[in-house]
Amino acid sequence: KGGGKRDPKDATGIAHYLEHLLFKGTDQMGTIDYSNEKVYLDSIQMKYDKLGKTKDEEERLEIQKEINELSIKAGDYAIPNEFDRIMEGMGGSWVNAYTSNDAIVYLNKIPGNQIEKWLDVYSHRFINPVFRLFQAELETVYEEKNRSMDNQFRQVFQEFSNRFFKNHPYGQQTILGSVYHLKNPSLSKMKEYFDEYYVANNMALVLTGDIKKEDVIPIIKEKFGKWKKGDVPKSLNIEEVAFDGREQFTKRLTPVKLGMMGFRTVPANHPDEEILDLCTQLLTNESKTGLIDQLATKRKIMSAGAYNMNFVDHGGTNFFFMPKLFFQSLKKTENLLLNEIGRIKKGDFDDDFFNAVKLTMTRQYEQNIESMEGRLYTLVNTHIENRNWDDVSSWPDRLDKITKEDVVRIANKYFGDDYLVMYSKMGFPKKKKLEKPSFKPIIPKNTEKESLYATKIKNMDEKKLSLKFLDFYKDVEHEMISEKINLYKTKNPINSIFNLTFEYGIGTHEDPTLEQTAEILDLLGTHNYSVSEFKSELQKIGTTISFNSDKNYFRINVKGFDKYINKSIKLVSEFMSNVEEDNKKIKILIDNAKTTRKMEKKNPTTVGRALRDYVNYGDNSYSKRRMTVKEIKKSKSKDYIDSFKNAVKYDLNILYTGQIDIKLL
């Protein structure tokens, strides 16, 4: 527990930068001779402290050159990427980490028989870490900061957070740090941060997968019993005053108009948090049946959504919205959202919808818990947010007991007249790009060498790996329904959730219109149901249907509860047989295409990807073959329905995971 909020005010970005350096090894790992290396590393630390106090640019440049020379000499003793190589040597993957506002988390996946080796390495790496190759890693952090400044939505969120949290580091600092602080990094402050927060009683070890606790706990006690305890960091206790009515500010940050609106709510693990989550789902959800979702579906606005900021110290519920491209103001769009929020406050929603949203939330919970990664992240957040596993496992029961009256009470309590609004008008703010220093590269000489510690790990005994390989012909049941239709089915051993995919053998490579086809199908109803009614019928049984295409396939994806699979398939059949034209929805495709492409032109990552694809595929690249805005304007909904009907004539794979007998399908 720590994160960006614990960064010193005069050294923001320390937690994140430290996360990077904790992959560089220790006094025994990542070095061929630490005693000689340390002489240069100590000098580098002193030089960085001096750099932070120096204002004269010529003098700063001279200090940086001295640091560069010392770094090159220290690099003679470093073994680059040895930690990564040790992980790879034990079959590890997912070697990664992330820093959030409230925590720093390190991730790995390893084979179950390597657990003792892994525990040894992970205990060791945090006992005497060495911050070597500091200057070289600074370039990586600079690049991450530059990419963040290229991300328009991240900039919008940071500007909004700065006004939303007027006192707390959640808004007054950024996880990546300020440009000024990144130019003046302090190794001394980094070590102070490590000593304060990387202590045994402020950290958690989270394991999920093929392990037995009775086998692994004695090893954990042996390996991690060496760690020192420290003082558990006290709460920051930084208060935020209520907004004074409606507070608004305007910036020019995005290629299209965009708005954000936020209400102060509650921190994570507050008794009202779960009801607030339900309030948000009633407004916008996966099935697109929420009250705010309907504004976009009915083309009253371009798009909108909501999310809860459940941080440890403070919380908020935020809404983002985009007006129609022409003749709609941000203010009018904001008022339309407020009207829908007002309906929640008045209880203006029916019981079927209320129960359907809760059912879908339960399915999403079960789907999350069924995967190893889902359980891992759930456990991590349980620790960070000061919960226990009983809180997690009993959540569906608590959700079921939430009443409509609870929702109305909580909505009125938090969605009042005091809130913050940000309007982002069209504009392109100047960016303070962090230039990479033009110093000599640090090229370690020991890329093929191995530390004594790495040799010890490699030579440790390991248990026999118990693997269960997938036998496609035994673990997956296959039935050839017809010459063109194959059914593949496997059992879901964990819960009663099914996943069903209809995969047709045609993609955008043959029919570029399938991209827009998948998009518009999500906006259409049938002869018997309007689009809202159709989605409502699905949601009543906790089912969702989505469409997607890639260059090879067109897919219909269905998720729901096994007990409702027959109803779900009937609704899929209803849609496929009776999908109804609606040319008004073409305007949504046009607006989406215009907005997306306007954003793409200002996004270096997207432009770079398009150039790469053009080099590889020429006129067959995605950006060249997809429909133009002009072509979309000329199209009719019938064109896409025809494209859909043509796609479903192709060879079909039906992919099913669930507990229903295959014959029932």
Side-chain angles (χ1 to χ4, degrees), residues 1-3 6 15 18-30 34 82-87 89-100 102-131 190-233 372 375-389 451-463:
K1 296 178 183 179
R6 299 282 183 176
L18 176 57
E19 169 217 306
H20 279 245
L21 291 175
L22 283 168
F23 285 86
K24 301 303 178 185
T26 67
D27 56 347
Q28 298 176 44
M29 176 173 58
Y34 179 62
E82 184 165 56
F83 173 81
D84 298 64
R85 284 156 56 190
I86 290 172
M87 288 294 109
M90 62 177 78
S93 62
W94 228 36
V95 182
N96 211 336
Y98 66 86
T99 300
S100 70
D102 293 311
I104 309 102
V105 180
Y106 298 83
L107 303 161
N108 262 165
K109 285 183 181 179
I110 53 160
N113 71 323
Q114 302 289 326
I115 187 67
E116 185 169 0
K117 287 185 178 183
W118 185 89
L119 289 169
D120 195 302
V121 173
Y122 260 72
S123 168
H124 175 81
R125 73 179 292 200
F126 294 115
I127 293 178
N128 290 307
V130 173
F131 305 153
M190 207 167 287
K191 288 185 175 181
E192 289 171 7
Y193 190 102
F194 177 84
D195 291 339
E196 185 170 359
Y197 298 110
Y198 283 73
V199 292
N201 46 332
N202 192 45
M203 300 172 76
L205 177 64
V206 181
L207 301 171
T208 66
D210 186 19
I211 50 174
K212 292 183 172 64
K213 67 177 184 179
E214 59 268 23
D215 295 336
V216 79
I217 286 178
I219 306 173
I220 293 171
K221 288 181 177 179
E222 175 198 342
K223 306 295 183 185
F224 286 81
K226 308 168 190 173
W227 282 20
K228 294 179 181 178
K229 295 178 74 173
D231 295 328
V232 176
M372 186 172 69
R375 290 193 297 275
L376 180 76
Y377 283 117
T378 299
L379 282 164
V380 167
N381 291 331
T382 296
H383 170 67
I384 294 169
E385 297 170 0
N386 304 308
R387 305 176 194 270
N388 59 57
W389 186 249
S451 67
L452 292 175
Y453 178 79
T455 303
K456 183 196 91 168
I457 292 296
K458 187 167 67 176
N459 293 333
M460 281 178 66
D461 291 335
E462 55 190 50
K463 294 180 180 179

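Here, residue 1 is the first one in the sequence, and each next residue gets the next number.
Taking a 6.0 Å sphere around NZ of K463, one finds it holds 12 or fewer heavy atoms contributed by other residues, nucleotides or ligands. Atom CG of D231 has 12 or fewer heavy atoms from other residues, nucleotides or ligands within 6.0 Å.
Side-chain contact between K24 and F131: absent, with no pair of heavy atoms (C-beta onward) separated by less than 4.5 Å. Proximity of W118 to I219: side-chain heavy atoms (C-beta onward) are nowhere separated by under 4.5 Å. When side chains are defined from C-beta on, I115 does not count as touching D215, because their heavy atoms never get closer than 4.5 Å. A heavy-atom distance below 4.5 Å is found between the side chains of L107 and Y98. Residues I457 and M460 meet the side-chain proximity criterion, which asks for heavy atoms closer than 4.5 Å. Residues L205 and L119 are in side-chain contact: their nearest non-hydrogen atoms beyond the backbone lie under 4.5 Å apart. A 4.5 Å side-chain heavy-atom check between Y193 and I104 finds at least one atom pair inside the cut-off. E462 has its side chain out of reach of E116: every pair of non-hydrogen atoms, C-beta onward, lies at least 4.5 Å apart.
With T382 contributing its side chain and T378 its backbone, the two residues share a donor-acceptor pair below 3.5 Å. Put simply, the side chain of R125 gets close to the backbone of L22: a donor and an acceptor are under 3.5 Å apart. No donor-acceptor pair under 3.5 Å is formed between the side chain of E82 and the backbone N or O of G25.
With rounding to the nearest 0.5 angstrom, the CD1 atom of I110 is 8.0 Å from the CG atom of L207. A distance of 8.5 Å separates CZ of F224 from CD1 of I127, quoted to the nearest 0.5 Å. The NZ atom of K223 sits 4.0 Å away from atom CG of D120, with the distance rounded to the nearest 0.5 Å. The structure places NZ of K109 at 5.0 Å from CE of M372, a figure rounded to the nearest 0.5 Å. To the nearest 0.5 Å, atoms CG (L18) and NZ (K191) are separated by 11.0 Å. Taking CG from L376 and CG from N381, the interatomic distance works out to 9.5 Å, rounded to the nearest 0.5 Å.
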(request) Begin from the C-alpha positions of V95 and F23 and carry the test side chain to side chain contact (heavy atoms under 4.5 Å, CB included) through to its verdict. (result) CA-CA 10 Å; V95 182; F23 285 86; 3.8 Å; yes

(message) Using the rule given for side chain to side chain contact (heavy atoms under 4.5 Å, CB included), can you reason through V121 versus M87, listing the C-alpha separation, both sets of side-chain angles and the distance that settles it, and then say yes or no?
(response) CA-CA 9 Å; V121 173; M87 288 294 109; 3.6 Å; yes

(request) Check the pair R387, E385 against salt bridge (Lys or Arg N to Asp or Glu O under 4.0 Å), reporting the backbone distance first and the verdict last. (result) CA-CA 6 Å; R387 305 176 194 270; E385 297 170 0; 2.8 Å; yes

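Minimum interatomic distance between I86 and A454 (heavy atoms only, all atoms of both residues): CD1-CB, 3.9 Å. Listed here is the closest heavy atom pair of P111 and G91: CD-O, 3.5 Å. For the residue pair G3 and A15, the shortest heavy atom distance occurs at O-CB, 3.7 Å. Closest approach of H383 to K1, counting heavy atoms only: O-CE, 3.1 Å.
When the side chain to side chain contact (heavy atoms under 4.5 Å, CB included) test is applied to T26, the partners found at least two apart in sequence or on another chain are Q28, M29, H124. With sequence neighbours excluded, the residues forming a side chain to side chain contact (heavy atoms under 4.5 Å, CB included) with V199 are N201, N202, listed by chain and number.
Ring centroids of Y106 and Y122 are separated by 6.0 Å or more, keeping the two rings apart.
Annotation: cation-pi geometry not satisfied between R6 and Y197 (NZ/CZ under 6.0 angstrom from ring centroid, within 45° of ring axis).
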